[in-house]
K.L.:
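Would you mind keeping the following structure in view while I ask a few things?
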Amino acid sequence: MKQSIKDLSLKGKKVLLRVDFNVPMKDGKITDDNRIIAALDTIKYIVEKGGKLILFSHLGKVKTEEDKKTKTLRPVAKRLSELLEKDVLFIDKTRGKELEDAINNMKDSDVLLFENTRFEKGETKNEKELGEYWASLGDVFVNDAFGTAHREHASNVGIASNLDSAVGFLMEKEIKFIGGVLENPIKPFVAILGGAKVSDKINVINHLMNISTKILIGGGMAYTFLKAKGYNVGKSLLEEDKIELAKEIMDNAKAKNVELLLPVDAVVSKEFSNDSEFRTCHIEGIQEDEMGLDIGLKTIELFKSALEGSKTVIWNGPMGVFEFSNYAVGTKEICRMLATLDATTIIGGGDSAAAAISMGYKDDFTHISTGGGASLKYLEGKELPGISSIKDKE
Ligand code: ADP
Ligand code: MG
């Protein structure tokens with residue numbers, strides 16, 4: 001068990017808090033501040049306990065000097081200040097005297113944010129010196145950035161190797177739900193998998209196969225499985241080089257006594273667009289010039305009855321091209337079904353989470369993971385360096 005922020009004494013301490021402020025921006029304006037809002041509980045807790053709060057995060061990818069102009073965290077400091085109704089001092093540096101002086105001048109409960117950690121080349125390489133330097137700026141380290149937990153960077157693993165450390169509330173929730181379910185799922189446990197490609201999800205399927213009762217496969221990746229079963233899938237998303245693998249996965253499921261369900265019908269169209277005609281047909285009926293863009297009503301019914309009575313559900317990957325309203329029905333209906341279940345329901349996956357939230361089901365799941373790549377790695381059963389580097393509870 002990892003040390004929690006609640007295990008630390010924070011009063012008067014310089015608390016280094018790694019957050020995920022990697023928010024979407026357009027023309028210097030934040031277009032979605034959910035990640036800032038999500039971090040508020042941990043931030044407020046530290047402020048209330050009288051810690052001197054030193055925040056840092058990455059923002060986007062920084063490859064060139066030019067990138068630095070648009071990847072500054074300054075707008076985030078402003079937004080955070082509004083949300084907290086409190087001054088947030090922004091220092092547009094990632095090291096040096098100005099930053100160190102500002103930290104030394106902080107009073108209890110003050111909040112400071114410094115510049116994008118990726119402005120430092122050593123960040124993504126977890127350069128030893130950088131981790132040591134950042135660690136030297138504080139007394140304790142709290143990691144609440146689940147979104148980067150699958151990466152070994154200086155601002156998470158580097159600092160954690162040099163200071164007393166703990167996980168924040170967001171991270172704790174991810175560990176409790178995703179980690180907890182993977183370790184000890186209450187059965188029946190159903191995994192719903194979808195999204196674009198089989199190749200992105202091979203390790204997830206293989207890992208979940210060991211612990212689930214049933215696996216429901218929808219989305220684009222279903223067509224590689226259907227092809228492997230001999231169906232003609234027309235112009236649907238297909239990974240020719242993964243057909244053999246799909247067969248192996250299905251055999252493996254049989255051997256392990258895991259029920260693996262595939263779509264029995266599809267909503268198909270001749271174009272990948274929301275403006276062209278579409279129809280629903282049996283899987284056998286997909287024509288050469290058509291592609292499957294959503295699961296059909298029969299599949300929705302099949303999946304719903306498979307979900308009935310389940311006690312744990314993990315969902316990764318939308319059931320169709322939900323970005324187009326014509327092909328959002330499958331994903332939405334699964335959300336609706338899960339909302340009625342008396343079960344632990346978890347979404348892990350960037351697009352699946354975005355779909356459920358945009359469709360209005362944010363509060364109907366037990367947990368919607370905040371990290372796309374990190375939750376995938378977690379579902380693969382891998383250890384996440386951002387978590388494993390945090391000190392264990394004594
Ligand atoms: P997640 O981010 O939840 O892990 P993925 O990134 O694997 O999910 O997949 C999401 C994408 O899959 C979406 O952009 C969606 O449009 C696409 N998708 C779903 N079903 C299909 C389909 N039948 N054909 C093509 N793309 C699909
Ligand atoms: Mg995705």
Side-chain angles (χ1 to χ4, degrees), residues 22 24 146-147 150 174 178 191-208 215-227 231-240 242 246 262-274 276 278-281 283 286-287 289-297 299-300 303 313-335 338 345-359 361-362 365 367-380 382:
N22 185 27
F146 181 70
H150 57 311
E174 301 281 359
I178 306 192
I192 311 173
L193 297 168
K197 290 178 170 172
V198 184
S199 49
D200 290 342
K201 308 284 168 78
I202 300 166
N203 297 328
V204 175
I205 304 175
N206 285 337
H207 186 63
L208 293 180
I215 296 183
L216 317 182
I217 296 185
M221 72 182 208
Y223 296 95
T224 302
F225 286 88
L226 290 164
K227 182 78 180 180
Y231 292 105
N232 185 351
V233 299
K235 289 199 294 179
S236 305
L237 196 65
L238 175 67
E239 287 173 280
E240 296 270 3
K242 294 291 176 285
L262 293 173
V264 291
D265 62 350
V267 185
V268 299
S269 176
K270 289 183 176 151
E271 308 289 337
F272 188 85
S273 139
N274 203 34
S276 49
F278 58 95
R279 67 181 188 110
T280 302
C281 67
I283 289 302
I286 302 178
Q287 300 300 303
D289 59 350
E290 290 177 321
M291 62 186 95
L293 297 173
D294 195 8
I295 52 174
L297 285 181
T299 308
I300 293 172
F303 285 5
V313 181
I314 280 197
W315 184 6
N316 172 275
M319 294 291 99
V321 184
F322 71 94
E323 296 92 336
F324 296 151
S325 58
N326 292 342
Y327 310 112
V329 178
T331 303
K332 187 157 189 184
E333 285 298 312
I334 297 297
C335 281
L338 294 180
T345 53
I346 293 171
I347 297 187
D351 292 292
S352 339
I357 292 168
S358 73
M359 289 171 177
Y361 292 91
K362 189 171 189 281
F365 287 86
H367 178 60
I368 299 183
S369 177
T370 51
S375 45
L376 265 187
K377 274 276 174 296
Y378 219 169
L379 294 180
E380 290 176 3
K382 303 257 163 67

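Counting starts at 1 for both ligands and their atoms, in listed order.
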K.L.:
Can you check whether F322 has an N/O within less than 3.5 Å of an N/O in ligand 1?
P.N.:
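The answer is no, given that F322 and ligand 1 share no N or O pair closer than 3.5 Å.
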K.L.:
For atom 12 (O) of ligand 1, grab the closest protein heavy atom and report residue, atom and distance to one decimal in Å.
P.N.:
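Its nearest protein heavy-atom neighbour is A196 N, 3.2 Å.
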K.L.:
Considering all heavy atoms of both residues, which atom of S269 and which atom of S276 are nearest to each other, and what is their separation?
P.N.:
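Scanning both residues completely, I find the closest heavy atoms to be OG-OG, 3.1 Å.
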K.L.:
Tell me, which protein residue and heavy-atom name are nearest atom 23 (N) of ligand 1, and how many Å apart are they?
P.N.:
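Among all protein heavy atoms, the one nearest atom 23 (N) of ligand 1 is G292 O, 3.0 Å.
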K.L.:
Considering only the protein, which heavy-atom contact is closest to atom 6 (O) of ligand 1, and what is its distance?
P.N.:
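Result for atom 6 (O) of ligand 1: D351 OD2, 2.9 Å.
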K.L.:
Checking N203 now: which residues fulfil side chain to side chain contact (heavy atoms under 4.5 Å, CB included) with it, not counting sequence neighbours?
P.N.:
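Side chain to side chain contact (heavy atoms under 4.5 Å, CB included) check on N203 returns E380, K382.
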K.L.:
At a cut-off of 2.8 Å, what protein N/O/S atoms sit near the Mg ion (ligand 2)?
P.N.:
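Counting only protein N, O or S atoms under 2.8 Å from the Mg ion (ligand 2), the list reads D351 OD2.
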K.L.:
So which heavy atom in the protein is nearest atom 7 (O) of ligand 1, and how far is it from that ligand atom?
P.N.:
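It is K201 NZ, 2.7 Å.
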K.L.:
Just how far is it from atom CG of L237 to atom NZ of K227, taken to the nearest 0.5 Å?
P.N.:
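So the CG of L237 and the NZ of K227 are separated by 13.0 Å.
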K.L.:
So which heavy atom on R279 is nearest to which on Q287, and how close?
P.N.:
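So the two residues come closest at NH2-CG, 3.8 Å.
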K.L.:
Check N316 against ligand 1 and report side chain, backbone, both or neither, counting heavy atoms closer than 4.0 Å.
P.N.:
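The side chain, only.
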K.L.:
Less than 6.0 angstrom separating the ring centers of Y223 and Y231, yes or no?
P.N.:
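No, they do not, as the ring centres are separated by 6.0 Å or more.
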K.L.:
Do the rings of F278 and Y327 sit parallel, tilted or perpendicular, given the 30° and 60° boundaries?
P.N.:
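Aromatic pair F278/Y327 classed perpendicular.
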K.L.:
Where the closest heavy atom to atom 22 (C) of ligand 1 is concerned, which of G218, A356, G220, P318 has it?
P.N.:
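Checking each option, the heavy atom nearest atom 22 (C) of ligand 1 is found in G220.
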K.L.:
Look at atom 26 (N) of ligand 1 and say which protein heavy atom is nearest, naming residue and atom and giving the distance to 0.1 Å.
P.N.:
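The closest heavy atom on the protein side is V321 CG2, 3.6 Å.
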K.L.:
Tell me yes or no: between the side chains of S375 and E174, is some donor less than 3.5 Å from an acceptor?
P.N.:
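No, no side-chain donor-acceptor pair sits under 3.5 Å.
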K.L.:
Could you state the interatomic distance from NZ (K197) to CE (M221), rounded to the nearest 0.5 Å?
P.N.:
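Going from the NZ atom of K197 to the CE atom of M221 covers 13.0 Å.
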K.L.:
May I ask you to identify the nearest protein heavy atom to atom 15 (C) of ligand 1, giving residue, atom name and distance to one decimal place in Å?
P.N.:
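For atom 15 (C) of ligand 1, the nearest protein heavy atom comes out as E323 OE1, 3.5 Å.
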K.L.:
Nearest heavy-atom pair of F322 and D351: which atoms, and what distance?
P.N.:
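The answer is CZ-O, 3.7 Å.
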K.L.:
Students should be able to answer this: which protein heavy-atom is nearest to atom 19 (C) of ligand 1, and at what distance?
P.N.:
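Ranked first by proximity to atom 19 (C) of ligand 1 is G320 O, 3.1 Å.
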K.L.:
Does ligand 1 have any atom that is closer than 4.0 Å to a heavy atom of G372?
P.N.:
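So G372 does not count as touching ligand 1.
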K.L.:
Locate the shortest heavy-atom distance separating A374 from G147; write the atom from each residue and the value.
P.N.:
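Here A374 and G147 meet closest at CB-O, 4.1 Å.
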K.L.:
Would you mind running through ligand 1 and noting each atom that sits below 4.0 Å from a heavy atom of G317?
P.N.:
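Near G317, meaning under 4.0 Å from one of its heavy atoms, ligand 1 has 3 (O), 8 (O).
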K.L.:
Shortest non-hydrogen contact from V267 to I295?
P.N.:
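Reported closest heavy-atom pair: CG2-O, 3.7 Å.
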K.L.:
Between A246 and T224, what is the shortest heavy-atom contact and its length?
P.N.:
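Looking at all heavy atoms of both residues, the closest pair is CB-O, 4.1 Å.
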K.L.:
Among all protein heavy atoms, pick out the one at the shortest distance from atom 3 (O) of ligand 1; state its residue, atom name and that distance to 0.1 Å.
P.N.:
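The closest one turns out to be S352 OG, 2.3 Å.
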